[in-house]
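Report on the structure given below.
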Amino acid sequence: MGAEKLVNVVRSGLGWELKHIRNGRDLSLEVVCQQLRWQQSKLSRMENGQQHISDADLASLLVIYGVYSQERRQLLRLAQRQDSPGRWSLDAPTTDTLPRLEQEATSLVDAENVLIPGLAQTADYTRALMEGAGVPPEEAESRLETRRLRKDTLTKRKSPKVDLILDEWVLRRIMGSHAVMARQLQALLEFAERPNVRLWVVPAELSGNIAFNSSFYVLNFAQNKSVVYLENKESCVYIEDDQKIEIFRSHAARLGNAALDLAASMKLVATIGKEHERE
């Protein structure tokens, strides 16, 4: 029997998004397929990323689910890319796609040179970040809830292995206030004590010389291709191209080699946390 074919994450993501929407509408496979006169197996294969979803089939589903506006445009964009692994983007980094990928991942490598990783952020830190970016309060609370749900990834029975690689300046950069930072670094230490989490800190004097000048997030899966996630204020990009992903893997390895060991990294976080407490 031949090796199982890896499923394109874009295709499986499109199917997952459709299943998530259907469940949110409290619609069963049977009900939807009766309306469309489909076999239930057809929709099941679509939702599991095992079958191409045509534009006509997608349009029919979106009418039944009542999906319009930006969400509809994003799903149509995913449909256009479902058979072409590579680079795909979304208009905003607030969709369900990243939490869905984190739930499916077996390992995560989050390299951050500006901010505390989202999975480890406290609510106060995130609020300060949103306030500084001018995010409206109601949208900020929605994003906080998304962050909270993402953290649930680490409480499931088979949690992914997580490697956090941080530039030292992430720990020293004040977000909100010294008090906020002191609590955040204490929370980071508690986060790093989880058995599936490792924390690596790259000393400030080394980060520039090893080109730690941008953040990136590598997500690995048991049955899908790996994905690299890149985010800025207005959009996010997912990369599935193997050669490009290998570039990020190699860079993560270089950063890890330059970082302090696990014990020294934790000690530095604790030391800088005390410095924030004294301010």
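These values consider heavy atoms only, across backbone and side chains, with no hydrogens, waters or symmetry-generated copies.
- In this structure, the side chains of Tyr217 and Val227 stay at 4.5 Å or more apart for every pair of heavy atoms.
- Legend: residues meeting salt bridge (charged side-chain N to carboxylate O under 4.0 Å, His left out) with Glu145, ordered by chain and number and at least two apart, are Arg148.
- Other residues, nucleotides and ligands place more than 12 heavy atoms under 6.0 Å from the CD atom of Gln34.
- Side-chain N or O atoms of Ser265 include one that pairs as donor or acceptor with a backbone N or O of Val201 at under 3.5 Å.
- Not a single donor-acceptor pair under 3.5 Å links the side chain of Gln186 to the backbone N or O of Met181.
- Annotation: ring pair (Phe, Tyr, Trp, His ring centres under 6.0 Å) contacts of Phe216 (sequence neighbours excluded): Phe248, His251.
- Note on Leu230 and Ile247: separate hydrophobic clusters, where clusters join Ile, Leu, Val, Met, Phe, Trp and Tyr whose side-chain heavy atoms are under 4.5 Å apart, directly or indirectly.
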Scan the side chains in residues 271-279 for donor-acceptor partners under 3.5 Å anywhere in the protein, sequence neighbours excluded, and list what turns up.
| from | atom 1 | to | atom 2 | distance (Å) |
| --- | --- | --- | --- | --- |
| Thr271 | OG1 | Lys267 | O | 2.9 |
| Glu275 | OE1 | Arg172 | NH1 | 2.8 |
| His276 | ND1 | His178 | ND1 | 3.0 |
| His276 | NE2 | Leu171 | O | 2.9 |

* **Check against side-chain contact (heavy atoms from CB on, under 4.5 Å), Tyr229 and Leu219** => CA-CA 8 Å; Tyr229 173 77; Leu219 302 96; 4.1 Å; yes

Please tabulate, for the side chains in residues 123-133, all donor-acceptor contacts under 3.5 angstrom to protein atoms that are two or more places apart in sequence or on a different chain.
| from | atom 1 | to | atom 2 | distance (Å) |
| --- | --- | --- | --- | --- |
| Asp124 | OD2 | Arg183 | NH2 | 3.3 |
| Tyr125 | OH | Ile116 | N | 3.1 |
| Thr126 | OG1 | Gln121 | OE1 | 2.7 |
| Thr126 | OG1 | Thr122 | O | 3.1 |
| Arg127 | NE | Glu141 | OE2 | 3.4 |

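- In this structure, Lys151 places its NZ atom where more than 12 heavy-atom neighbours from other residues, nucleotides or ligands lie under 6.0 Å away.
- Between atom CD1 of residue Ile245 and atom OG of residue Ser226 there is a gap of 5.5 Å, rounded to the nearest 0.5 Å.
- With sequence neighbours excluded, the residues that form a side-chain contact (heavy atoms from CB on, under 4.5 Å) with Ala264 are Leu260, Asp261.
- Ser214 is linked by a side-chain contact (heavy atoms from CB on, under 4.5 Å) to nothing, counting only residues two or more places apart in sequence or in another chain.
- Contacts classified as salt bridge (charged side-chain N to carboxylate O under 4.0 Å, His left out) and involving residues 26-37 (residues at least two apart or in different chains) are not found.
- Remark: the backbone N or O of Pro160 is not paired with any side-chain donor or acceptor of Thr106 at under 3.5 angstrom.
- Remark: Arg150 pairs with Glu102 by the salt bridge (charged side-chain N to carboxylate O under 4.0 Å, His left out) rule, at least two apart or across chains.
- Partners of Gln35 under the side-chain contact (heavy atoms from CB on, under 4.5 Å) rule, at least two apart in sequence or in another chain, are Val31, Ile64.
- Judged as a salt bridge (charged side-chain N to carboxylate O under 4.0 Å, His left out), the pairs with a partner in residues 195-220 (not counting sequence neighbours) are, in order, Asp163-Arg198.
- Screening residues 132-155 for ring-ring contact (aromatic ring centres under 6.0 Å, His included), with sequence neighbours left out, gives no hits.
- Judged as a side-chain contact (heavy atoms from CB on, under 4.5 Å), and not counting sequence neighbours, the contacts of Arg45 are Ser41, Lys42, Gln50, Gln51.
- Judged purely by atom type and a 3.5 angstrom limit, Ser44 has no side-chain atom pairing as donor or acceptor with the backbone of Gln40.
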